[in-house]
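Heavy atoms only: backbone and side chains are in, while hydrogens, waters and symmetry mates are out.
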Amino acid sequence: MNVIETENLSKTFRVRQKEKGMKGSLKAIFKPQIQKIQAVDRISFHVEEGEILAFIGPNGAGKSTTIKMLTGILCPDSGSIKVLGLDPVRQRKQLAYEIGTVFGQKEQLWTHLTPYDNFCFFGAIYDIPGGEMKKRITELSDTFALGAFINTPVRNLSLGQRIRCEIVASLIHRPKILFLDEPTIGLDPVVKENIRSLILQMNHEYQTTIFLTSHDTGDIEKLCRRIIIVNNGQIVLNDSMTHLKANYLNKKIVENIVLSPPLEDIITEIYRSEGRSGEPS
């Protein structure tokens, strides 16, 4: 069963251009120059239920724009999207109860509150009854080992602790799909490994579908079974991680070799070193 389906999805941004100096500022006000940027260009893909998918590419490739369209933050110019059978734009509120998001560079927790108070706040937003909310907080706190700092204000937590709390906050309402955008950015190797283990455990225990973007090859290799690579708003590769590792990774292709001295001189020298007379044929 596919939980995400897109068909010919496109999004273009109109960006105002400004020349330098005061003259350029005035010109931008009265005669603005508008540049069209094709962020996403007719991409089509699907994600199966319970899958961990890597959606990767260089900066500016269209990853974040795609996620924002999948979550209903942006409206596509053309194409179709179905997330859990819902239209993210027209049924955004209904979809919000079924998905979770974690952005490694953006906080969703209130820093002056403790993680426990934050979880209660998010539970109230999602209309979770008090008894059920406490049960879920206890369960997730045990899974993610938050007990030592669950009553410490978020502003006093380390980055690794905060990321774990961010993930828990996104799981309070038990979403069917979790969007992770650079969840291990800035973390040390040990904490990264812990976060990866927790993501795998979460996927296994709750059957949560994971839509992951990351520049860390360790995240991709250890977590994902399939990978989609985008560049300039288009999909350039959609393949399984097993096939990708077997056919693309750890291999080098040499397109051009320049020898000095020329190959003919090398062959002649080898020919003569072997005591042969004359020139090689």
Intermediate values then yes/no, side chain to side chain contact (heavy atoms under 4.5 Å, CB included), T143 and Y206: CA-CA 12 Å; T143 300; Y206 302 107; 4.1 Å; yes
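- For E205 (side chain) and M202 (main-chain N/O), no donor-acceptor pair under 3.5 Å exists by modelled atom type.
- Crowding of N232 atom CG: a count of heavy atoms from other residues, nucleotides or ligands under 6.0 Å not exceeding 12.
- Rounded to the nearest 0.5 angstrom, R136 CZ and K134 NZ are separated by 15.0 Å.
- Taking both residues in full, the closest heavy atoms of F119 and C165 are given as CE2-O, 3.5 Å, listed atom of the first, atom of the second, then distance.
- Here CG of D219 is found 10.0 Å from CD1 of I195. Values are rounded to the nearest 0.5 Å.
- Judged by distance alone, with hydrogens and angles left aside, the side-chain atoms of K11 form no donor-acceptor pair with the main-chain N or O of D41 at under 3.5 Å.
- Between Y116 and I137, some side-chain heavy-atom pair lies under the 4.5 Å cut-off.
- Side-chain atoms of T6 do not come within 3.5 Å of backbone N or O of L9 as any donor-acceptor pair.
- Atoms CG and CD1, on L237 and I228 in that order, are 9.0 Å from each other to the nearest 0.5 Å.
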Worked check of side chain to side chain contact (heavy atoms under 4.5 Å, CB included) between R225 and S240: CA-CA 6 Å; R225 295 189 287 266; S240 68; over 6 Å; no
Verdict with supporting geometry, L157 and T152, side chain to side chain contact (heavy atoms under 4.5 Å, CB included): CA-CA 7 Å; L157 300 182; T152 302; 4.0 Å; yes
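- Proximity of R14 to K36: side-chain heavy atoms (C-beta onward) are separated by under 4.5 Å at one or more points.
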Extract all donor-acceptor atom pairs below 3.5 Å that involve side chains of residues 90-98 and protein atoms in other chains or at least two apart in sequence.
{"from": "R90", "atom 1": "NH1", "to": "D87", "atom 2": "OD2", "distance (Å)": "2.9"}
{"from": "Q91", "atom 1": "OE1", "to": "D87", "atom 2": "N", "distance (Å)": "2.8"}
{"from": "Y97", "atom 1": "OH", "to": "D127", "atom 2": "OD2", "distance (Å)": "2.9"}

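- Between the side chain of H173 and the backbone N or O of I99, at least one donor-acceptor pair lies under 3.5 Å.
- Between T114 and V154, the closest side-chain pair of non-hydrogen atoms is not below 4.5 Å.
- Using a distance-only test at 3.5 Å, with no hydrogens or angles considered, a donor-acceptor pair links the side chain of Q207 to the main chain of H204.
- Here the rule is side chain to side chain contact (heavy atoms under 4.5 Å, CB included) with N118, and of L109, I172, V168 only L109 fits it.
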Verdict with supporting geometry, L223 and I210, side chain to side chain contact (heavy atoms under 4.5 Å, CB included): CA-CA 9 Å; L223 294 176; I210 309 295; over 6 Å; no
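- S44 contributes a side-chain N or O that, together with a main-chain N or O of N8, makes up a donor-acceptor pair within less than 3.5 Å.
- For the pair F45/I4, a side-chain contact is recorded, criterion being any heavy-atom separation below 4.5 Å from C-beta on.
- With R164 as the partner, the side chain to side chain contact (heavy atoms under 4.5 Å, CB included) test is satisfied by one option alone out of L146, L159, L140: L146.
- Shortest non-hydrogen contact noted between E193 and K222 is OE1-NZ, 2.9 Å.
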Output side-chain donor-acceptor pairs under 3.5 Å for residues 78-85, partner residues at least two apart or in another chain, one line each.
none

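- A salt bridge does not link R42 with D77: none of the charged nitrogens is closer than 4.0 Å to a carboxylate oxygen.
- Residues N194 and S197 have side chains that never bring a donor and an acceptor to within less than 3.5 angstrom of each other.
- Put simply, the side chain of K192 reaches to within 4.5 Å of the side chain of D216, judged on heavy atoms.
- Annotation: side chain of V89 is in contact with side chain of P76 (closest heavy-atom distance under 4.5 Å).
- Follow the hydrophobic side-chain contacts under 4.5 Å out from I73 and you never reach V230; the two are in separate clusters.
- Counting heavy atoms from C-beta outward, S10 and Q38 have side chains that approach closer than 4.5 Å.
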Side chain to side chain donor-acceptor pair (under 3.5 Å) between T213 and D181, worked out: CA-CA 5 Å; T213 70; D181 189 4; 2.5 Å; yes
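- With respect to R174 and E139, a salt bridge is recorded, a charged nitrogen being found less than 4.0 Å from a carboxylate O.
- Within the model, atoms OH of Y126 and CE of M133 stand 14.0 Å from one another, a figure rounded to the nearest 0.5 Å.
- Taking CG from D239 and CD1 from I229, the interatomic distance works out to 9.0 Å, rounded to the nearest 0.5 Å.
- Comment: E166 engages R162 in a salt bridge, judged by a side-chain N to carboxylate O separation of less than 4.0 angstrom.
- Formation of a donor-acceptor pair under 3.5 Å by the N203 side chain with backbone atoms of T208 is found in this model.
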Q108 vs S170, side chain to side chain donor-acceptor pair (under 3.5 Å): CA-CA, chis, key distance, verdict: CA-CA 9 Å; Q108 63 177 333; S170 296; 2.9 Å; yes
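- At least one side-chain heavy atom of T209 sits less than 4.5 Å from a side-chain heavy atom of V47.
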Expected list for residues 50-71: side-chain donor-acceptor pairs under 3.5 angstrom, two or more places apart:
{"from": "E51", "atom 1": "OE1", "to": "E48", "atom 2": "N", "distance (Å)": "2.9"}
{"from": "E51", "atom 1": "OE1", "to": "R226", "atom 2": "NH2", "distance (Å)": "3.3"}
{"from": "E51", "atom 1": "OE2", "to": "R226", "atom 2": "NE", "distance (Å)": "2.7"}
{"from": "E51", "atom 1": "OE2", "to": "R226", "atom 2": "NH2", "distance (Å)": "3.4"}
{"from": "N59", "atom 1": "OD1", "to": "H215", "atom 2": "NE2", "distance (Å)": "3.2"}
{"from": "K63", "atom 1": "NZ", "to": "G57", "atom 2": "O", "distance (Å)": "3.0"}
{"from": "K63", "atom 1": "NZ", "to": "P58", "atom 2": "O", "distance (Å)": "3.1"}
{"from": "T66", "atom 1": "OG1", "to": "G62", "atom 2": "O", "distance (Å)": "2.8"}
{"from": "T71", "atom 1": "OG1", "to": "I67", "atom 2": "O", "distance (Å)": "2.9"}
{"from": "T71", "atom 1": "OG1", "to": "K68", "atom 2": "O", "distance (Å)": "3.3"}

